[in-house]
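For reference, the structure is listed below as structure tokens.
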2 protein chains.
Amino acid sequence: MSTINDVAKLAEVSIATVSRAINNSGYVSEEARKKIDQAINELDYIVNERARNLSKQRSGIIGVIIPDLENPFYGKLIKNIEIELYSYGYKTMVCNTIGTSNREKEYIDMLDRNIVDGIITCALVLEDYVYTRIKKPIVSTDHDFGPSIPLIHSDHRRGGYLAAKKMLEAGCKNVVMVGARWDVKTPSSERYTEFEKILKENKIPIQTIYADWNRMSYPYYTQLMSEYYDVLMNVDGIFTSDIGAIALYHLVADQGRQIPKDLKILGYDGMSITKISKPVISCIRQDAEELAKRCVNTIMKLICGDENIEYHQIIDVTFQQGDTL
Amino acid sequence: MSTINDVAKLAEVSIATVSRAINNSGYVSEEARKKIDQAINELDYIVNERARNLSKQRSGIIGVIIPDLENPFYGKLIKNIEIELYSYGYKTMVCNTIGTSNREKEYIDMLDRNIVDGIITCALVLEDYVYTRIKKPIVSTDHDFGPSIPLIHSDHRRGGYLAAKKMLEAGCKNVVMVGARWDVKTPSSERYTEFEKILKENKIPIQTIYADWNRMSYPYYTQLMSEYYDVLMNVDGIFTSDIGAIALYHLVADQGRQIPKDLKILGYDGMSITKISKPVISCIRQDAEELAKRCVNTIMKLICGDENIEYHQIIDVTFQQGDTL
DNA sequence: CTGAAAGCGCTAACAG
DNA sequence: CTGTTAGCGCTTTCAG
């Protein structure tokens with residue numbers, strides 16, 4: 001592997017000139033440039049980013065921390081984040097926490113260790129101070145770390161509102177919510193508080209079933225739904241996640257209850273499986289593309305020292321009609 | 001941010017001693033170690049990986065090139081690759097090619113630019129020589145680059161065999177295969193050639209519908225299936241991907257044809273959506289965990305210069321019973 | 001327009 | 001057991 005030194009020697013100029021030439025910074029005479037180009041070609045020279053990065057004190061990499069890449073919502077989100085970062089010339093490092101705090105911690109530490117230039121986090125088992133003590137670029141989705149860390153999330157409150165309205169319009173009289181614990185208040189949990197509020201205002205009895213916040217697999221939801229089978233059999237409306245909705249459907253479909261006549265099911269997220277699913281799941285849809293764009297745009301501003309940052313960005317959600325409500 | 005210099009100064013030793021201490025390499029007296037630990041604590045010193053990596057000529061990062069992270073199969077694969085790499089102390093960089101060759105090319109170039117220490121590739125729009133000219137660690141899944149690049153893939157031939165056997169056992173008399181073009185021979189395409197072979201041996205008429213190899217979204221398959229509606233309505237067995245199977249089911253379900261009585265559907269991959277799906281899709285399942293393990297294990301050997309490498313590894317597939325065959 | 005030289009922060013002989 | 005020193009390969013002043 002040839003270095004900038006070899007190029008300089010062959011082109012009979014100094015390494016400083018070569019550096020200027022390959023970076024298009026500062027003046028380089030036509031003659032010098034020609035000789036350098038030729039030398040580069042001859043030697044198959046490619047710049048060593050490792051050295052460049054040490055010198056420039058950057059890495060060109062952003063870490064994205066998520067709970068579980070196997071969950072299609074995060075797959076979609078990361079895909080879009082990667083596409084956005086790529087357009088800014090940045091690379092994407094993925095960090096699955098799979099629910100364990102030490103993995104999350106170690107990935108956060110990458111900032112201090114100068115492995116990444118910034119972090120977009122979607123996961124959080126950790127205490128806030130682990131994040132807030134770091135003074136490098138962090139953008140958070142769905143967890144409020146206070147005014148120092150930009151927070152970007154879907155308009156979950158409106159999501160809860162839309163969900164409640166749809167249930168009411170559909171004539172539900174007795175509903176249940178199934179989802180991650182929301183005793184800890186996060187933007188994400190507002191979907192439930194708002195949903196509950198609207199229903200209570202309309203005198204509709206409502207029950208809740210809590211799920212572990214970091215478990216979102218289909219088998220888990222199937223098991224959870226089974227445990228509460230009796231409860232679920234006696235209501236006429238259920239508000240849960242996409243995965244929960246599908247799991248639930250399978251559970252009740254064979255019991256002779258008509259969907260949506262006897263029971264309305266409403267999912268949340270709007271992942272593509274809701275459309276693939278038969279029946280198509282009615283749900284509240286988050287805009288993963290827009291979320292990705294905003295996260296990346298914001299972390300880029302943080303890195304560039306751009307002052308013009310919105311520290312709280314809320315992305316619209318929409319109702320997506322399906323066959324279950 | 002403090003450096004090794006600051007620590008050395010505060011601990012009143014040389015930077016070499018500090019380096020030895022933090023790396024546990026070479027001898028360091030108890031006394032020195034104590035002073036160093038104290039200095040590290042006092043200064044909140046954290047090693048700068050950027051500098052360390054330049055010095056050690058490594059990056060600790062593996063790039064994983066895939067067509068589309070939104071596809072659940074790749075989501076699952078990458079998740080498992082990340083978990084494996086993490087256990088070796090390596091980080092994972094994701095590279096979505098989304099079917100475009102320049103993105104794939106640029107990510108391959110990361111090897112030459114010393115951004116990553118190795119690449120696991122699942123994508124390939126590019127000519128072979130782009131890969132083969134590189135003499136750094138590359139592991140391929142599903143594309144044979146010749147003897148210099150380890151190839152790891154599912155036993156697709158057996159997958160095709162199992163699929164054919166199941167169709168025959170189920171009494172199919174007229175079948176169609178729907179999948180990525182397999183005129184270019186890859187390990188992955190053997191599922192089709194083997195399937196076809198067995199069926200022909202049994203005098204079963206078989207038709208084929210080609211899909212773009214790098215498009216695997218649900219909408220695409222739905223559209224594709226619609227185009228060939230007439231064909232699909234006149235067969236009694238269909239072998240396709242998981243996504244194709246689900247798309248197909250939706251298309252025919254409303255037409256009064258009984259599944260699996262009138263029509264058997266068999267998917268391929270065995271992603272979790274096949275289980276979530278209603279009906280549960282019968283399919284041939286790839287072992288993503290094992291694939292991930294082998295890929296990572298092999299690239300680690302390549303990096304360490306371990307001679308003991310299997311250059312062609314084939315992972316078992318299994319039939320997964322569902323409701324559609 | 002160009003080159004010398006001082007870093008970036010760490011590792012690894014090598015001599016003591 | 002420890003310190004000196006020479007890199008790793010590139011960027012960036014600062015004189016000229």
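Chain naming here is simple, since letters A, B, ... match the order of the sequence lines and numbering starts at 1 in each. The figures here come from the full heavy-atom set of this structure, side chains too, leaving out hydrogens, waters and symmetry mates.
Look at Thr17(A) and you'll find a side-chain N or O under 4.0 angstrom from OP1 or OP2 of dG3(C). Distances shown here put a side-chain N or O of Gln57(B) below 4.0 Å from the OP1 or OP2 atom of dG9(D). Contact annotation: Arg52(B) reaches the phosphate of dT11(C) (side-chain N/O to OP1 or OP2, under 4.0 Å).
For Tyr27(A), counting side-chain heavy atoms from C-beta on, the closest listed nucleotide (dC8(C), dC1(C), dC10(C)) is dC1(C). When each of dC10(C), dC10(D), dG3(C) is scored by its nearest atom to the side-chain atoms of Ser55(A), the top-ranked nucleotide is dC10(D). Considering only the side chain of Arg20(A), dG3(C) comes nearest among dG3(C), dA12(C), dC10(D). Of the candidate nucleotides dT11(D), dT2(D), dT4(D), dT2(D) has the atom nearest to the side chain of Val28(B). Which of dT4(D), dG9(D), dA4(C) sits closest to the side chain of Ser14(B) comes down to dT4(D).
Atom-to-atom, CZ of Arg58(A) to P of dT11(D) comes out at 11 Å; the value is rounded to the nearest Å. At whole-Å resolution of the value, CG in Asn114(A) and P in dC10(C) are 9 Å apart. One interatomic measurement links the two molecules: CG of Asn48(B) to P of dC8(C), which rounds to 11 Å at whole-angstrom precision. Whole-Å rounding puts the Asn24(A) CG to dT11(D) P distance at 12 Å. Look at CD1 on Ile22(B): it is 11 Å from P on dA12(C), rounded to the nearest Å. Rounded to whole Å, the distance from CG on Leu54(A) to C1' on dC8(C) is 4 Å. Distance, Lys35(B) NZ to dC1(D) C1': 13 Å, rounded to whole Å. Rounded to whole Å, the distance from CG on Asp6(B) to P on dG9(C) is 9 Å.
Within 4.0 Å of Asn23(B), counting heavy atoms only, lie sugar-phosphate atoms of the nucleic acid but no base atom. Across all strands shown, Ser29(A) has heavy atoms under 4.0 Å from sugar-phosphate atoms exclusively, and none from any base. The residue Val18(A) sits apart from the nucleic acid: no heavy atom pair falls under 4.0 Å.
When each of Val47(B) and Ala32(A) is assigned the nucleotide of DNA chain C with its nearest heavy atom, Ala32(A) is the one assigned upstream, toward the 5' end. Residue whose closest nucleotide on DNA chain D sits further toward the 5' end, between Ile4(A) and Glu30(B): Glu30(B).
Remark: the Asp117(A) side chain and the Ser59(A) side chain contain an N/O donor-acceptor pair separated by less than 3.5 Å. No side-chain N or O of Glu310(A) forms a donor-acceptor pair with one of Thr298(A) less than 3.5 Å apart. Under the 3.5 Å distance criterion, with hydrogens and angles disregarded, no donor-acceptor pair is assigned to the side chains of Asn96(A) and Tyr86(B). Looking only at atom types and distance, the side chain of Arg50(A) has a donor-acceptor partner in the side chain of Asn114(B) under 3.5 Å away.
Aromatic ring pairs are classed by plane angle as parallel below 30°, tilted from 30° to 60° and perpendicular above 60°; the pair His153(B) and His156(B) is parallel.
Ion pairing between a basic and an acidic side chain is recognised when a charged N comes within 4.0 Å of a carboxylate O; Lys293(B) and Glu289(B) show no such pairing.
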